[in-house]
Amino acid sequence: MSLEKSIKLAVESLGASLYDIVSTKVHDTNIFRVLVTAEGGISLDKCAEISRMISPILDVDEPMNGEYTLEVSSPGIERRLKTKDHFKGSVGEKVKIKNFATEVFKGELISADNEKIIVKTEFGDEELTYDEILSAATYFEW
């Protein structure tokens with residue numbers, strides 16, 4: 001079983017959902033970040049519980065050559081959209097999409113299915129297929 005699958009099963013056993021796993025470096029520290037969601041939000045206590053549950057899994061199948069800091073958190077208000085489920089779960093939110101031609105589309109995500117998304121921009125509705133999307137994220141207007 002893959003490390004991601006093991007983490008996903010552990011997270012789900014605690015009533016949460018795995019949103020994403022991100023390996024990154026902050027200053028000189030490797031960070032193995034596990035982003036989780038739950039109905040009604042994710043609490044600090046739930047993040048700690050998930051961290052305790054997945055820590056032994058990471059002891060067996062160490063990511064990042066075993067030199068990392070584990071972080072478990074929610075994806076936050078502004079989060080990257082990578083999967084079709086991420087897009088479907090973000091309908092109604094403000095998004096910023098960049099396509100491979102480096103055009104940027106900002107507006108409300110009004111629909112997402114298995115083939116395409118539709119973003120309502122100031123210029124009208126823009127339809128994009130998933131294979132046209134270079135990067136995407138939700139954003140919050142302050």
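In what follows, every heavy atom counts, from backbone to side chain, and hydrogens, waters and symmetry copies are set aside. Starting from 1, each residue takes its place in the sequence as its number.
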According to a 4.5 Å side-chain heavy-atom criterion applied to Ile, Leu, Val, Met, Phe, Trp and Tyr, with indirect links allowed, do L3 and L35 form part of one hydrophobic cluster? no

Sequence-distant partners of E103, side chain to side chain donor-acceptor pair (under 3.5 Å), two or more places apart: N99

Connected hydrophobic set around L44, excluding itself, where side chains approach under 4.5 Å: none

Pair up each side-chain donor or acceptor in residues 55-75 with any protein partner under 3.5 Å, not counting sequence neighbours, and list the distances.
{"residue": "E71", "atom": "OE1", "partner": "R33", "partner atom": "NE", "Å": "2.7"}
{"residue": "E71", "atom": "OE1", "partner": "R33", "partner atom": "NH2", "Å": "3.1"}
{"residue": "S74", "atom": "OG", "partner": "G76", "partner atom": "N", "Å": "3.3"}

Does some side-chain heavy atom of I117 sit less than 4.5 Å from a side-chain heavy atom of I133? yes

Scan for salt bridge (charged side-chain N to carboxylate O under 4.0 Å, His left out) pairs involving residues 123-142, sequence neighbours excluded, and state none if there are none. none

Listed by chain and number, what are the side chain to side chain contact (heavy atoms under 4.5 Å, CB included) partners of S13, not counting sequence neighbours? M53

Any side-chain heavy atom of S90 within less than 4.5 Å of one from L81? yes

According to side chain to side chain donor-acceptor pair (under 3.5 Å), who are the partners of E12, at least two apart in sequence or on a separate chain? K8

Find out if a path of hydrophobic residues (ILVMFWY) with successive side-chain heavy-atom gaps under 4.5 Å connects I7 to L14. yes

For the residue pair V91 and A112, what are the closest heavy atoms and their distance? CG2-N, 3.9 Å

At what distance, to the nearest 0.5 angstrom, does CD1 of I110 lie from CD1 of I118? 5.5 Å

Applying salt bridge (charged side-chain N to carboxylate O under 4.0 Å, His left out) as the test, list every pair that has at least one member in residues 14-26; sequence neighbours left out. D20-K82

Kindly write out the residues that satisfy side chain to side chain contact (heavy atoms under 4.5 Å, CB included) with L134, not counting sequence neighbours, or none if the list is empty. K98, F100

Hey, quick one: are V34 and I31 part of the same hydrophobic cluster, counting side-chain heavy atoms closer than 4.5 Å, chains of contacts allowed? no

Donor-acceptor contact present, side-chain R79 to main-chain I77, <3.5 Å: yes

To the nearest 0.5 Å, tell me how far F140 CZ sits from E78 CD. 8.5 Å

Under the side chain to side chain contact (heavy atoms under 4.5 Å, CB included) rule, collect the residues that match up with F123, sequence neighbours excluded. T121

Minimum side-chain heavy-atom gap K106-V95 below 4.5 Å: no

Pairs in or reaching into residues 38-51: which pass side chain to side chain donor-acceptor pair (under 3.5 Å), with residues at least two apart or in two chains? K46-E49

For K116, what residues pass the side chain to side chain donor-acceptor pair (under 3.5 Å) criterion, not counting sequence neighbours? D113

According to side chain to side chain donor-acceptor pair (under 3.5 Å), who are the partners of N114, at least two apart in sequence or on a separate chain? K88

Measure the spacing between CZ of R52 and SG of C47 and express it to the nearest 0.5 Å. 11.0 Å

Ring-plane angle category for F87 and Y130, please: parallel below 30°, perpendicular beyond 60°, tilted otherwise. perpendicular

Nearest heavy atoms of G15 and A38, plus distance in Å: O-CB, 4.1 Å

So, S2 side chain and K5 main chain: donor-acceptor pair closer than 3.5 Å or not? yes

Mind checking the OH-CD1 spacing from Y19 to I42? Nearest 0.5 Å is all I need. 13.5 Å

